[in-house]
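Here the structure is laid out as structure tokens; the discussion comes afterwards.
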Amino acid sequence: MSNSIFKQNYFEIFSQPVSTELDIDLLKEKNRELQQQVHPDRFANSSDAEKRQAMQITSLVNEAFETLKNSLTRLQYMLTLKGVDMNGETDTAMDGVFLMEQMELREEIANVDSQKNSLDVLDEMALELKARSVNLVSDFESAFNDDALDKGRDIVRKLQFINKAQIEINDKIEQIEDEFI
Amino acid sequence: MALLQISEPGQSTKPHEHKFAIGIDLGTTNSLVASVRSGQPDTLPNSSGEHLLPSVVQYTPDAIVVGAVAKKNQIEDPHNTISSIKRLMGRGADDLISQFESLSEVLPFEFAVTDSAVAKIKTVAGDKAAVEVSADILKVLKLRGEQSLGDKLEGAVITVPAYFDDAQRQATKDAATLAGLNVLRLLNEPTAAAVAYGLDTGAEGIVAVYDLGGGTFDISIMQLKKGVFEVLSTGGDSALGGDDFDHAIAEWILKQANINSRNLTASLLRLVLSEACKAKEALSKLEQVEINIQFANDNSWTGLLSRDELSSLIDPLIKKSLMSCRRALRDAGVEKNQILDVVMVGGSTRALRVREQVGQFFETDPRVDIDPDRVVAIGAAIQANALVGNDSDGNLLLMDVLPLSLGIETMGGLAEKIISRNTPIPVSRAQEFTTYKDGQTAMAVHVVQGERELVDDCRSLAKFELRGFPSHVAGAARIRVTFQVDADGLLSVTAKEEVSGVVASVEVKPSYGLQDSEIEEMLKASMAFAGEDKDARSLREQQVEADRVLEAIDSAVADDGDEMLSQDERETIQAARSELMIARHNAVETQQLKEAMAKLEKASAEYVARRMNASVQKSMAGHQVEEFNK
């Protein structure tokens, strides 16, 4: 089974170069095109074996798409391509200054009052985090290209923290908005 | 074997041969059946020209009455006349006590105490599970389809609320099986509506489908592009709908009349609900309505319900729906101003207050020019037509998502998410577990669905026991559990111990579903297959399937067997083919035929995969990156 889709990496599935800078609109376009070929609905009149295979291939395409669409999972995936698996790692020593900052930020989010004008404060925090993550992603690109994998891993860990803070901000925003809907 | 019949996209392999398929909208209040005839999708009426079939079933000692007549008999015979059964689909007996407390107070049915996990309603014709009641509605729609189309049905697409969980979907599929329908797909209602709307208007862009039916609410944010309908996110409430408006009004009436609902007979409760519903509908046209109810000979009540009063009664319910809209937008990563159209679906969007509030929320006038009752069935018919191969363009593709996160119970009663909500389906995820005791050879896995952190707050789907893996020291076994969600949104689970490669047996105990044996019982009891020898029927079906498999393999080998198969492979396939050919003409048992087919499928699996890959490569090759940048 040469050239099997199951042996391709996620970037190859969508014919994209391995890079943090992925054109998301293009990825979506490629995904739609690929789904047209492999989606189980294309095999509604086929045998059970073929239906099953279509489901497995489409599941893989969906998994690849979701992984690449999100910048954090995309970076993690890039590391696994170089043999660095960050799942279940135990050695997670981190930059102390960064950790302190994050703890303060989380506390700040938790302490935001449930008032309508707090939304502006939260929006600003979200923007700031977004800017930081953009910088970190570009740092990652050069570290990755230089094979500085330890550095790459540190950056991904930082991004994980930022991601969690972003989720907390969103939850808080949602909570406040629901109250004032 | 479509994989073996791969042709250029957009070209069919065979001369056109029309097959009949239907789309069914199995609604809380009304159900519909639709079909595509001469390229035109439309809902099918009954002999007196009615398109809507009230989803009401009356059981009498010697007959099952479905539809308008049953609805009329509801007040006289409340215990044996069942409406809004959709709300009980996939629900367990204990759910009714916890989640539906206020509802069951006003539901006039009596529930039977049985050893089944599924709630059953007492009727004069015996205890009825929700699946059986739904099957009785489906049978009527199936018959209507067969009579209108004048031919055997290839299959049906049945719609479900996007926010239905696994148990509710499974229950719907079981009901269809019970009604003798071949389910081509379970399709999410807002997706079906978007298909009908999209093909009708030719709109391309991001749309929101706000679907408020009799008992369920869905919001889907979708991207429409070149015949591809891609769900970006979905949200909702599978227990929120027009019924709740009626209940709120009924409670208001009882409060105004100073009557405790517990002192009312089932007939009177039904009457109050029906008057509440009438008042609600009238208020879409009038500023206020007079309600008049005769509770007893000497006790009647008359009162006025104004639009403003109605708004204050239903606003909390509408607000709940808008909270789901906000979350769906966030999950989709879409801003309100990116929404091209808000499509209103479901009878309850006729309420003016709903339109007003939705318009205010999305900051745009919602589209109310499509028939909110029929659009879902029409979309389902279009999809059914495409699935059986009648769609000559072949471009229609629906990409849907998982509505609610799937997870497993971990230590301390916490739910750990394995697949998060709004992940595109089909999807497959594996999770590794290990043992915590020396010599442990079994473990229990509890699968749940929902967004909450505690298992108790999520819906319990199933409990699995993994057995028979070899004994290791604690922590050395590696049990890989794979969760597969198919395109219908239905979950299946497999497990394998990685160190030894032993496939552990998975014992499924659906928490709120019917056991297979229960479904079998119902099937036996049902009239669907009466007068027809089941074995003979299934043998015939397998013979048809065998013919299809044979034809597919022959045409594939003729097509590219020379390039893609080695001599050896070709011989193996030919041997399996001959065996199937013999079985096709001589086998008297279905099993023999099935085995021969499985053998051929196994022999050609590699070849099938190769062809599929070749096809994928071909479709992706020759495209330049720049083409997509336009």
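In what follows, chains are A, B, ... by sequence order, proteins preceding strands, each numbered from 1.
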Would you say [atom1] of [X] has more than 12 non-hydrogen atoms from neighbouring residues, nucleotides or ligands within 6.0 angstrom?
| X | atom1 | answer |
| --- | --- | --- |
| K82(A) | NZ | yes |
| E563(B) | CD | yes |
| E12(A) | CD | yes |
| E453(B) | CD | no |
| K336(B) | NZ | yes |
| K417(B) | NZ | yes |
| E432(B) | CD | yes |

[X] versus chain A, heavy atoms under 4.5 Å apart: side chain, backbone, both or neither?
| X | result |
| --- | --- |
| L387(B) | both |
| E545(B) | side chain |
| Q357(B) | neither |
| Q223(B) | side chain |

| said: Determine whether a donor-acceptor pair (N or O, by modelled atom type, separation under 3.5 Å) exists between the side chain of Q36(A) and the backbone of N395(B). | reply: yes
| Relative to chain B, which segment of D41(A) carries a heavy atom at a distance below 4.5 Å: side chain, backbone, both, or neither? | both
State, yes or no, whether a side-chain contact exists between [X] and [Y] at a heavy-atom distance under 4.5 Å.
| X | Y | result |
| --- | --- | --- |
| D486(B) | K51(A) | no |
| M399(B) | N31(A) | yes |
| N62(A) | P426(B) | yes |
| V608(B) | E50(A) | yes |
| E29(A) | K225(B) | yes |

Measure the spacing between [atom1] of [X] and [atom2] of [Y] and express it to the nearest 0.5 Å.
| X | Y | atom1 | atom2 | answer |
| --- | --- | --- | --- | --- |
| I425(B) | M55(A) | CD1 | CE | 11.0 Å |
| L397(B) | R42(A) | CG | CZ | 5.0 Å |
| N45(A) | R548(B) | CG | CZ | 6.0 Å |

| message | Looking at R32(A) and E230(B), is any side-chain nitrogen of the basic one under 4.0 Å from a carboxylate oxygen of the acidic one? | response | yes
| Do you see a donor-acceptor pair shorter than 3.5 Å between the side chains of E63(A) and S428(B)? | no
| field | Trace of the side-chain contact (heavy atoms from CB on, under 4.5 Å) decision for R330(B) with I173(A) | value | CA-CA 11 Å; R330(B) 195 183 298 286; I173(A) 290 176; 3.4 Å; yes
| said: Test of understanding: with salt bridge (charged side-chain N to carboxylate O under 4.0 Å, His left out), list the residues that count as partners of K69(A), not counting sequence neighbours. | reply: E66(A)
Let me check something: any side-chain donor-acceptor pairs from residues 164-171 of chain A under 3.5 Å, sequence neighbours excluded? List them with distances.
residue	atom	partner	partner atom	Å
E168(A)	OE1	R106(A)	NE	3.2
E168(A)	OE2	R106(A)	NE	2.9
E168(A)	OE2	R106(A)	NH2	3.2

